[in-house]
Amino acid sequence: MNKRDKGKWELIRSAGKVSAERIVPEHIQKPPYYFKHMAAGNTLGTPEIKNEEQLKHMRSSGKLAAQILRECGNMAKMGITTDEIDDFAHNRILAHNAYPSPLRYAGFPKSVCTSINNVACHGIPDDRQLVDGDIINIDVTVYQNGFHGDCSETFLVGDVDERGRFLVDSTRECLRNCIALCAPGVPFNEIGKCIQRFCDEHKLESVAAFIGHGIGSYFHGPPEIYHYDNDDPGDMQTGMTFTIEPILSLGGGDVGLLEDGWTAVSMDDSRSAQFEHTILITETGVEILTNAD
């Protein structure tokens, strides 16, 4: 095992058994990719400036996503399968007349992502039971009234070792620092620089393969938010909405995909954690749209 990540935890080496696709009733408003296979959204181009009507819907979808995420986190106990978490989230989202955004997005088969231990992101819920010492990221996105709200959090299962708790606490703090610097006129690349400084100070590594993104009536769009030091151009403007979603690792930042084509695992068998919010740039600073309260 990687020398930078010693401790008591279970390595994820392969995907489990995935249940059949869950049904979405006729009356639920669905995104275009539900009806035909579409590639992931294009994140290049000019970021959209939202108007007040759009922001009203984004605040609603963001709050719902955060509430569902909190409820899913309460389920993350020993003996529960990630498929059970997916089933719960799917039905709770439908109960609010919303659609679980990951379902059928670029072919993804489930309604949330569940990423455990050495899985960096995009884990597919399956029949594996959570065990003592797991850390699990649950990523919830909902599509309500034509707009997406996207958030994630890493939860502790049972007695997580000291390094695992340090990783989770540090990643939460890193996201908080990133959000605090956001305001009109701030370069997007300040987010990546902030993450790089944080990783250097805490002896962690950013998983650079995955980025934050613009969001609205589309799941993924411009701007691209890099989670590493970069000199990409572009400044934040009032009315922009995007995600910040750093993945920090106790080992290296390189990942590979399991045979399902989605589950991204660390190449050196080290654990990672992720936290994510959808944010709005306001005239005076920043507003977190994915707050549960």
Side-chain angles (χ1 to χ4, degrees), residues 31-33 39-66 69 98 101-102 105 121 139-153 171-172 174-198 206 208-247 274-293:
Y33 56 80
N42 183 8
T43 51
L44 299 175
T46 303
E48 179 183 29
I49 304 297
K50 304 292 192 300
N51 61 38
E52 279 306 315
E53 180 70 14
Q54 292 171 311
L55 290 175
K56 179 183 76 171
H57 293 309
M58 289 208 66
R59 288 187 177 96
S60 178
S61 62
K63 182 175 183 178
L64 176 60
L69 175 60
S101 303
Y105 184 74
C121 63
D139 193 330
V140 175
T141 310
V142 306
Y143 180 72
Q144 185 186 52
N145 295 319
F147 288 84
H148 298 271
D150 187 3
C151 54
S152 85
E153 185 171 342
T171 310
R172 182 188 296 109
C174 182
L175 174 60
R176 191 181 302 127
N177 293 352
C178 291
I179 294 172
L181 66 80
C182 292
V186 175
F188 294 120
N189 62 35
E190 283 299 323
I191 295 171
K193 296 179 191 302
C194 176
I195 293 170
Q196 192 65 59
R197 286 193 301 270
F198 187 92
S206 177
F210 301 100
I211 65 174
H213 53 87
I215 186 169
S217 58
Y218 42 87
F219 196 165
H220 294 102
E224 294 186 333
I225 305 298
Y226 298 113
H227 299 125
Y228 55 88
D229 193 359
N230 69 93
D231 294 314
D232 246 44
D235 296 336
M236 302 174 197
Q237 297 179 40
T238 301
M240 288 182 177
T241 55
F242 54 88
T243 70
I244 307 175
E245 44 187 298
I247 305 172
Q274 182 179 30
F275 285 79
E276 173 186 12
H277 273 304
T278 298
I279 66 166
L280 161 69
I281 302 302
T282 67
E283 291 183 359
T284 55
V286 63
E287 176 185 342
I288 297 174
L289 297 179
T290 42
N291 265 335
D293 300 315

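When a residue number appears, it is its place in the shown sequence, counting from 1.
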Is any side-chain heavy atom of [X] less than 4.5 Å from a side-chain heavy atom of [Y]?
| X | Y | value |
| --- | --- | --- |
| Glu287 | Ile279 | no |
| Glu48 | Tyr218 | yes |
| Arg176 | Phe275 | no |
| His277 | Ile244 | no |
| Phe188 | Asn230 | no |
| Ile195 | Cys174 | yes |

What are the two closest heavy atoms between [X] and [Y], and how far apart are they?
| X | Y | answer |
| --- | --- | --- |
| Tyr228 | Ala208 | CD2-CB, 3.5 Å |
| Ser101 | Tyr143 | OG-N, 3.3 Å |
| Cys194 | Asn177 | SG-CB, 3.9 Å |
| Val140 | Ala65 | CG1-O, 3.7 Å |
| Pro47 | Met240 | CB-CE, 3.7 Å |
| Cys182 | Ile281 | CB-CD1, 3.8 Å |

Item to check | Pair Thr278-Thr243, side chain to side chain contact (heavy atoms under 4.5 Å, CB included): steps then yes or no | outcome: CA-CA 4 Å; Thr278 298; Thr243 70; 3.7 Å; yes

Checklist entry - When you look at Glu53 and Lys56, which way does the salt bridge (Lys or Arg N to Asp or Glu O under 4.0 Å) test go after all the steps? => result CA-CA 5 Å; Glu53 180 70 14; Lys56 179 183 76 171; 3.6 Å; yes

Looking only at atom types and distance, does a side-chain atom of [X] sit under 3.5 Å from a main-chain N or O of [Y], one as donor and one as acceptor?
| X | Y | value |
| --- | --- | --- |
| Asn189 | Asp232 | yes |
| Asn291 | Asp293 | no |
| Lys63 | Thr290 | no |

Starting at [atom1] of [X], measure out to [atom2] of [Y] and round the result to the nearest 0.5 Å.
| X | Y | atom1 | atom2 | answer |
| --- | --- | --- | --- | --- |
| Ser61 | Gln144 | OG | CD | 6.5 Å |
| Lys50 | Thr238 | NZ | OG1 | 13.0 Å |
| Gln54 | Asn145 | CD | CG | 13.0 Å |

Checklist entry - Do you see a donor-acceptor pair shorter than 3.5 Å between the side chains of His220 and Thr43? => result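 No pair is found: no donor N or O on one side chain lies under 3.5 Å from an acceptor on the other.
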
Item to check | Between His213 and Glu245, a side-chain donor and acceptor under 3.5 Å | outcome: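 On atom types as modelled, these side chains qualify, holding a pair under 3.5 Å.
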
Item to check | Step-by-step side chain to side chain contact (heavy atoms under 4.5 Å, CB included) determination, Phe242 to Ile191 | outcome: CA-CA 12 Å; Phe242 54 88; Ile191 295 171; 4.0 Å; yes

Checklist entry - Going by the angle between their ring planes, with limits at 30° and 60°, are His148 and Tyr33 parallel, tilted or perpendicular? => result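 Taking Tyr33 first and then His148, their aromatic rings lie parallel (interplane angle under 30°).
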
Item to check | Verdict with supporting geometry, Ile247 and Cys121, side chain to side chain contact (heavy atoms under 4.5 Å, CB included) | outcome: CA-CA 8 Å; Ile247 305 172; Cys121 63; 3.9 Å; yes

Next on the checklist: Is there a side chain to side chain contact (heavy atoms under 4.5 Å, CB included) between Leu55 and Thr241? Walk through the geometry before answering.
Outcome noted: CA-CA 9 Å; Leu55 290 175; Thr241 55; 3.9 Å; yes

